[in-house]
Number of protein chains: 2
Amino acid sequence: MSANDLRVIKTKQALHNALLTLLSEKPLENITIAEICRVAKVNRGTFYLHYEQKEGLFEEYFQEIMEDLNNSYEEPYRAVTTMDKNQIDPNTIRIFHHIERFKMFYRIVFSKNVPLTYYYMLFDGIFSLLKRDITIHKEIHDEISIEYYSAYQANAIIGLIIQWYRQDFEDSVSTLNKQLAAILRIGEK
Amino acid sequence: MSANDLRVIKTKQALHNALLTLLSEKPLENITIAEICRVAKVNRGTFYLHYEQKEGLFEEYFQEIMEDLNNSYEEPYRAVTTMDKNQIDPNTIRIFHHIERFKMFYRIVFSKNVPLTYYYMLFDGIFSLLKRDITIHKEIHDEISIEYYSAYQANAIIGLIIQWYRQDFEDSVSTLNKQLAAILRIGEK
DNA sequence: TTAGATATTGAACATGTGTTCATTAAAATA
DNA sequence: TATTTTAATGAACACATGTTCAATATCTAA
């Protein structure tokens with residue numbers, strides 16, 4: 001199953017388009033593999049040649065979105081990790097922009113009947129951004145594991161996003177940034 | 001479908017037992033509704049009279065576990081919310097004990113092919129514990145939304161638990177408590 | 001204890017899942 | 001272009017899903 005083979009590319013493209021079409025009509029949970037294949041005019045057996053579940057297909061899109069997240073952070077993500085109020089600049093906190101940009105996707109990611117996989121993809125994305133930055137500015141006391149610390153910070157931010165999602169992303173990005181900045185400031189007063 | 005009806009109670013009990021039996025053999029994702037019904041000697045149509053998915057059945061167990069979590073916190077959960085290092089007492093942080101006590105369940109909750117529902121049940125459980133406590137000790141600056149703040153703190157703790165889970169809960173409860181205490185101390189130095 | 005209420009059953013049906021295998025079609029390469 | 005390689009197909013299989021409905025068994029309340 002060579003990834004360069006034109007046949008493979010064509011098949012995957014058809015499946016991608018079919019999934020997008022169906023996603024505009026109903027949630028991922030109500031979409032069946034048989035349905036995707038019917039729309040894509042691809043044999044169901046062929047689907048299983050490339051993916052195990054419909055989730056695997058969705059995952060391919062998610063990968064691209066995760067790249068956007070990484071690209072948003074060419075500069076280190078100082079705000080959370082240094083815990084220094086002088087360095088907190090909400091404008092450098094671009095993650096909320098990223099979520100808002102792809103909110104149609106994140107509505108799926110955070111819906112309760114979807115598998116945890118996507119949550120972990122987001123978690124791992126933020127986790128590595130933070131971990132990289134924490135490693136660079138290692139002002140952290142020895143007794144703290146960088147792994148635990150990164151996991152704590154990464155998931156805390158996702159906590160804000162969950163709260164945001166539950167109001168259907170009604171608040172503005174700047175509101176989220178302000179909330180985060182204010183929360184970080186508490187620890188310093 | 002009266003909840004007091006002996007027939008209902010018997011049916012649900014049989015389904016519960018069947019699920020537990022099967023869970024000791026294989027992960028939830030590989031268990032089918034048909035299988036549960038075969039083991040429970042309950043008609044498959046009867047299953048659908050009470051639940052929509054096998055996940056709904058699992059959820060009933062989870063409710064009981066969430067009650068344990070709540071019972072662990074008769075006293076307010078001061079450690080995280082007050083952000084005062086003098087009040088941080090790892091022994092009052094009982095959540096990690098709770099997770100360890102039910103780690104066979106949490107291995108399922110955090111596995112990647114399981115729906116987000118359970119994650120949210122845990123999140124909501126911790127969220128309300130924190131929110132209740134934050135409301136009591138409202139030393140929080142006005143500009144912060146209690147909702148966002150609680151979501152942030154609750155999910156941060158779950159972040160630690162995810163990291164813990166990913167090493168199959170090898171670290172001790174006291175290690176987790178120390179990590180949390182140390183992380184909270186950073187914001188104050 | 002009996003009569004009425006209702007939960008459970010078994011059967012059937014259309015559809016989805018996941019897999020197999022020989023056949024066919026389309027691509028790579030020589 | 002001709003040959004080789006391999007992806008895609010269609011058919012078939014056993015099994016799961018989700019639903020319906022009349023018949024039955026079992027509970028509750030009078």
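Every value quoted in this text rests on a predicted model; they were computed, and no experiment measured them. Numbers restart at 1 for each chain; the letters A, B, ... are given by sequence-line order, proteins then strands.
- One donor-acceptor pair, N or O on each side, does fall under 3.5 Å between the base of D/dG18 and the side chain of B/Arg44.
- Here A/Lys54 lies out of heavy-atom contact (under 4.0 Å) with every strand.
- Following rounding to the nearest Å, B/Phe47 (CZ) and C/dA7 (P) show an atom-to-atom distance of 17 Å.
- Between B/Ser2 and A/Tyr48, the residue anchored nearer the 5' end of DNA chain C, judged by the nucleotide with its closest heavy atom, is B/Ser2.
- Nucleic acid contact class of B/Thr32 (heavy atoms, under 4.0 Å, all strands): sugar-phosphate only.
- Taking CG of A/Asp124 as the start and CG of A/Leu129 as the end, the distance is 11.0 Å to the nearest 0.5 Å.
- Of the candidates D/dA7, C/dG18, C/dA7, the closest approach to any side-chain atom of B/Arg7 belongs to C/dA7.
- Distance B/Ile9 CD1 to D/dT26 C1': 13 Å, rounded to the nearest Å.
- A/Asp5 comes within 4.0 angstrom of sugar-phosphate atoms only, judged by non-hydrogen atoms across all strands, and of no base.
- Across all strands, A/Lys12 comes closer than 4.0 Å to no nucleic acid atom at all (heavy-atom distances).
- You'll find that the side chain of A/Val8 is closest to D/dA7, out of D/dA7, C/dA7, D/dT17.
- Atom pair A/Arg38:CZ and D/dG10:C1' shows a separation of 16 Å (rounding to whole Å applied).
- Distance CD (A/Glu29) to P (D/dG18): 11 Å, rounded to an integer number of Å.
- In this structure, A/Leu49 and B/Lys10 both approach DNA chain D, and ranking their closest nucleotides by distance from the 5' end singles out A/Leu49.
- In this structure, A/Gln53 places its CD atom 18 Å from P of C/dG16, rounding to the nearest Å.
- One can place CG of A/Leu57 at 13 Å from P of C/dT17, the figure rounded to the nearest angstrom.
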* Asked: How far apart are the C-alpha atoms of A/Asp168 and A/Arg107, what are their side-chain angles, what is the distance that settles it, and do they pass the salt bridge (Lys or Arg N to Asp or Glu O under 4.0 Å) test?
  -> CA-CA 8 Å; A/Asp168 200 32; A/Arg107 263 192 264 264; 2.4 Å; yes
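- For A/His50, a side-chain nitrogen or oxygen approaches OP1 or OP2 of D/dA8 to under 4.0 Å.
- Taking atom CG of A/Asn43 as the reference point, atom C1' of C/dT24 lies 12 Å away to the nearest angstrom.
- Residue A/Glu52 contributes atom CD, which lies 9 Å from atom P of C/dG18 at whole-angstrom precision.
- No hydrogens or angles considered: a donor-acceptor pair under 3.5 Å links the side chains of B/Tyr51 and B/Glu60.
- A donor-acceptor pair under 3.5 Å is absent between the side-chain atoms of A/Asp68 and the main chain of A/Glu64, judged by distance alone.
- Within a 6.0 Å sphere centred on CE of B/Met104, heavy atoms belonging to other residues, nucleotides or ligands number more than 12.
- Between B/Leu6 and B/Glu35, it is B/Glu35 whose nearest contact on DNA chain D lies nearer the 5' terminus.
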